[in-house]
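Sharing a structure, written as structure tokens. Questions coming.
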Amino acid sequence: MVPLVMTRSLARNLFHMLRGAAEKTTVEGLKKRGLRTVSVLNFRDVQMIIVRSIENTLQRRGLDFDQSDIQDEVRHEFLSLIRERDVLQGTVDALLREKGELAENRSALATELDKATLEYENAQSSSEAGDSDQEIAALMKRIASEVIATQSAAGVKPQLTDTTLSLVQAALQDHLQTMGQQSENGQQTNLNQLQRRIEKLKRKLHETEHMLERARANGVGIERLSGESVDPGVKHNDPDFEVKKELLGEIFRLNVELRQLLNKN
Amino acid sequence: MATTGKNKDNANSSTGASKASKSKGSADTEQSIVWIGMDLGTSRTAIACSNGVRESFPSLVGYPKDIISHKMLGTDVLYGKDVIARRLSLNVYRPLEAGVIKGSGDDKNVAADEAEANMTAARQLVKHAIRSANAPADSLVYCVIGAPAEASINNRHALLEAAKEVIDSVIICSEPFSVAYGMNVLTDALVIDIGAGTTDLCRMHGTMPEAEDQVTLDHGGDILDAKLSELLKKSHPEVSFSLQMIVDAKERFSTVRSTSDPILVTWPVNGRPTEIDITNEMKEACFSIIPPIVEALGKLVASFDPEFQEVLRNNVLLGGGGSQIRGLAEAISDYMDEHLGGGQVRQVEEPVFAGANGALLISKDMPPEYWEQLS
Ligand SMILES: Nc1ncnc2c1ncn2[C@@H]1O[C@H](COP(=O)(O)OP(=O)(O)OP(=O)(O)O)[C@@H](O)[C@H]1O
Ligand SMILES: [Mg+2]
């Protein structure tokens with residue numbers, strides 16, 4: 001048996017060449033350019049052209065092959081390439097799914113960022129408010145009056161009472177200061193943490209947005225490749241335009257009748 | 001204070017962006033349409049879709065026989081090739097018979113519950129086919145389904161019912177017509193579709209084919225299998241084989257060519273794999289479908305306008321899975337020469353997808369307003 005006329009790699013190259021040569025565009029883009037109909041490359045026609053050219057060349061060279069064998073081989077090759085394209089379709093679907101997940105992820109991140117920011121704001125305003133000095137003054141006043149009352153009742157010298165009071169005041173101030181410091185430290189840590197989280201969320205959001213942007217940009221090409229742009233209806237330049245319109249109308253009428261019959265029953 | 005303000009701005013801009021992207025997202029998935037051509041055959045279902053998907057699988061639905069099988073298979077239902085592989089643990093349905101849903105006609109031989117079970121299986125088969133088209137969830141699915149030209153109203157109703165759940169708009173069309181339409185042959189042509197259960201012949205003359213334009217023969221792939229099996233039982237009584245082995249051998253080696261390499265299979269004889277030559281039996285069985293086909297062709301030609309009979313005879317299209325027999329188109333042409341005084345037969349480019357391809361073309365050519373009215 002003579003080796004295969006069209007090797008697998010040749011067929012594959014041809015397929016890639018055709019695919020690479022195809023212009024990638026969107027339906028919107030075509031519309032903008034004022035195009036209403038497009039010619040779609042039909043692989044069956046391409047296949048036939050290839051079969052013919054192989055057959056003709058072989059015949060011209062006086063090589064007599066079994067025509068149907070060649071046809072079978074070429075058809076087989078084409079079908080397997082088409083199957084390959086189906087695998088590609090699978091990849092495309094996976095990419096599209098990923099795109100959906102990215103979009104979902106993005107909006108989840110945005111929500112979380114909003115929440116974190118709100119929390120940060122609340123925390124900050126509560127730390128600013130703090131315990132008021134008036135409250136501390138009132139507390140001091142209450143303690144002083146109680147100390148004076150008890151000490152004078154016990155006959156303590158006013159001088160001593162003054163010393164006691166200033167000691168108490170100093171102790172209280174000291175205590176308040178450590179307490180304040182502690183809570184301020186806590187607040188600050190909390191705020192710092194929130195701020196870091198916000199930064200991180202923002203970074204992630206940015207990355208996701210970037211990936212999504214890229215997926216969208218790729219998507220145009222991928223979607224164009226996986227299908228064909230369809231302009232429904234028989235094309236006006238179809239040589240059988242009238243006959244086809246007539247036939248399609250008949251199919252439609254038969255289907256309407258079928259439904260009417262069924263609705264009656 | 002300044003930081004708070006800045007953060008607020010950022011928070012706003014991020015929500016703003018998420019809203020903007022939402023509206024962009026919906027433009028992305030702007031309601032699109034996926035057109036599908038479906039050939040719902042007795043033995044194989046094929047779909048061709050406007051998004052580029054092409055699938056073909058055996059028209060089989062299987063349900064686990066019992067709890068154990070159910071556990072083992074881990075599913076309620078299997079389709080296509082998986083059914084053949086797991087057939088021993090399944091209740092198997094081949095819900096289509098002569099291209100229509102079993103029991104959907106006026107056939108009194110099919111019990112009501114069996115008809116019901118076939119209807120369910122058919123519905124699931126259609127769903128499975130549509131699922132394999134991978135249409136985006138929010139797109140509209142418009143589908144042309146090829147049905148045997150002679151399918152009754154009840155049969156067609158059953159098809160519509162089966163399709164309703166998963167298809168937004170469905171059109172039923174004569175199967176041989178869609179094969180011809182796909183080949184851009186609309187007038188003065190004869191289409192032969194060799195399927196499993198039947199061979200359908202249809203005359204095209206520029207309008208929708210009617211009853212007198214169609215002939216359905218019981219001679220299809222199934223009959224060929226039976227014939228081959230019968231011949232082999234006679235010539236090789238010592239060999240054991242199953243129907244599936246016959247079908248496998250046929251699909252690999254079928255031919256009507258007088259010159260070909262010997263056809264050898266390795267089948268058991270007394271439990272030992274043995275090489276057997278089945279060349280003659282294969283050729284005889286394959287050839288057996290030709291005379292009835294040519295006879296029917298003759299009738300369709302003879303009842304046509306005499307002026308165009310010659311054109312018709314020379315424009316015969318051969319399709320269907322059974323047309324993949326090597327050399328069949330030439331053999332039918334030769335037989336027509338002998339018995340009808342001439343004939344030209346050519347094989348469609350993709351026997352298995354010819355019906356689905358044609359149905360897809362019809363669905364895309366159909367004006368959108370028709371689709372809307374039928375949805
Ligand atoms: N290479 C082959 N040679 C001969 N027969 C084949 C070959 N491949 C498949 N077949 C046969 O073709 C038949 C199936 O053809 P097809 O898929 O067109 O049937 P179908 O459309 O499901 O049936 P129907 O049209 O009767 O509903 C089967 O009998 C199968 O064994
Ligand atoms: Mg069929």
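Owing to the predicted nature of the structure, the values given are computational and were not obtained by experimental measurement. Below, all heavy atoms of this structure are taken into account, side chains as well, without hydrogens, waters or symmetry copies.
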Check your understanding: So what's closer than 4.5 Å to chain A heavy atoms on B/Gln324: side chain, backbone, both or neither?
Key ->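 Answer is neither: B/Gln324 stays 4.5 Å or more from chain A.
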Exercise for review: State plainly whether the residues A/Glu199 and A/Arg196 are in salt-bridge range, i.e. N to O under 4.0 Å.
Suggested key: no
Point to revise | Candidate pair A/Lys115 and A/Glu112, rule salt bridge (Lys or Arg N to Asp or Glu O under 4.0 Å), full reasoning | key: CA-CA 5 Å; A/Lys115 246 169 57 193; A/Glu112 210 168 318; over 6 Å; no
**Study point:** Winner by heavy-atom pair count (cut-off under 4.5 Å) against chain A, out of B/Arg326, B/Gln373, B/Glu369, B/Met208
**Key:** B/Met208
Check your understanding: Considering only heavy atoms, which portion of B/Trp371 lies under 4.5 Å from any heavy atom of chain A: side chain, backbone, both, or neither?
Key ->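 B/Trp371 has no heavy atom closer than 4.5 Å to chain A.
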Practice item. Flag the one option from B/Leu160, B/Leu374, B/Thr207, B/Thr187 with the top tally of heavy-atom pairs under 4.5 Å to chain A. Key: B/Leu374
Check your understanding: Would B/Glu350 and B/Asn357 count as a side-chain hydrogen bond (donor to acceptor under 3.5 Å, both in side chains) if you check the C-alpha gap in whole Å, the side-chain angles of each, and the deciding distance to 0.1 Å?
Key -> CA-CA 9 Å; B/Glu350 291 184 288; B/Asn357 286 342; 2.9 Å; yes
Review point. Relative to chain A, which segment of B/Tyr142 carries a heavy atom at a distance below 4.5 Å: side chain, backbone, both, or neither?
Key: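 Neither part.
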Point to revise | B/Tyr181 to B/Gly358 - nearest heavy-atom pair and separation | key: CD2-O, 4.3 Å
Review point. Do B/His205 and B/Asp188 get their side chains close enough for a donor-acceptor pair, meaning under 3.5 Å?
Key: no
Exercise for review: Could you check which of A/Lys235, A/Glu250, A/Glu246 has the highest count of heavy-atom pairs closer than 4.5 Å to chain B?
Suggested key: A/Glu250
Practice item. Please flag which part of B/Val170 lies under 4.5 Å from any non-hydrogen atom of chain A: side chain, backbone, both or neither. Key: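 It is both, since atoms from each part get that close.
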Point to revise | Contacting moiety of A/Lys245, where chain B heavy atoms sit under 4.5 Å | key: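 Neither part, no heavy atoms under 4.5 Å.
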**Study point:** Axial cation check for B/Phe353 ring with B/Arg54, 6.0 Å and 45° limits
**Key:** yes
